[in-house]
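What follows is one structure encoded as structure tokens, with my remarks underneath.
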Amino acid sequence: MTNCGTDKKYFKKLLLIDLDGVLNLYNGKYDANKISKIRPGTLDFIKKLHQDYRILIFTARDIKTTIEWLKENDLNNYIEEVTNIKNPFASVILDDRAINFDGDYNKAYNLIKNFQPYWKKLKIK
């Protein structure tokens, strides 16, 4: 059994990362049976984050399919859990469809009205 008082992972902050559009080359064309190729640099990025964070993957995809994708891309040893629920205890959420609220409602409104995920702007195929 793990000792919460001495296990370093219990002192790490929780990081929630979206799968599609963040870890893979998502282009907006959803296929329930196939997850797009891994984004270049993802493995090194996750390894680096894992040193300081507990990492949960958030996705609307099937959990088993996602876990297989993580294994195929050698990411599974760095991921604590895969979930369909955005964890309210996460210190940070990394998502391609998010806007950071800075306290200014007018700015937030304009950002929301004009929002496009980066992959739509880049027209990733």
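Position 1 is the first residue of the sequence, and the numbers go up from there.
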Do the side-chain N and O atoms of N110 and N114 include a donor-acceptor pair separated by under 3.5 angstrom? no

Is there a continuous path of hydrophobic side-chain contacts, each under 4.5 Å between heavy atoms, that joins I93 to Y118? no

Once rounded to the nearest 0.5 Å, what's the spacing between atom CD of E80 and atom CD1 of I57? 11.0 Å

Do N87 and L14 have side chains that get closer than 4.5 Å, going by heavy atoms? yes

Is it possible for you to say whether I55 and F11 belong to one hydrophobic cluster, with membership spreading through side-chain heavy-atom contacts below 4.5 Å? no

Interatomic spacing from CD1 in I46 to CG in N76 - rounded to 0.5 Å: 12.0 Å

In this structure, CG of N27 is separated from NZ of K120 (nearest 0.5 Å) by 11.0 Å

How many angstroms lie between atom CG of N73 and atom CZ of R39, to the nearest 0.5 angstrom? 12.5 Å

Hydrophobic clustering (ILVMFWY, side-chain heavy atoms < 4.5 Å, transitive) - are I67 and L15 grouped together? yes

Output the distance between atom CG (L75) and atom OG1 (T66), rounded to the nearest 0.5 Å. 11.5 Å

Should I112 and I99 be marked as a side-chain contact (heavy atoms from CB on, under 4.5 Å) after you check the CA-CA gap, both sets of side-chain angles, and the distance that decides it? CA-CA 8 Å; I112 291 166; I99 294 173; 3.7 Å; yes

Going only through I, L, V, M, F, W and Y residues with side-chain contacts under 4.5 Å, is there a path from L43 to V22? yes

Single-linkage hydrophobic cluster V92~L16, side-chain heavy atoms < 4.5 angstrom: no

Contacts satisfying side-chain hydrogen bond (donor to acceptor under 3.5 Å, both in side chains) that involve residues 89-107 (not counting sequence neighbours) are K86-D95, D96-W119, D102-K107

Any side-chain heavy atom of I17 within less than 4.5 Å of one from L49? yes

Do the side chains of L56 and V82 get nearer than 4.5 Å, heavy atoms only? no

Looking only at heavy atoms, what is the nearest atom pair of N24 and S36, with distance? CB-O, 3.5 Å

Using a 3.5 Å distance criterion without hydrogens, assess whether the side chain of T42 forms a donor-acceptor pair with backbone atoms of L23. yes

Minimum heavy-atom distance between L19 and R61, given as atom pair plus value: CD2-CD, 3.8 Å

Sequence neighbours excluded - ring pair (Phe, Tyr, Trp, His ring centres under 6.0 Å) pairs with any residue from residues 52-81: H50-Y78

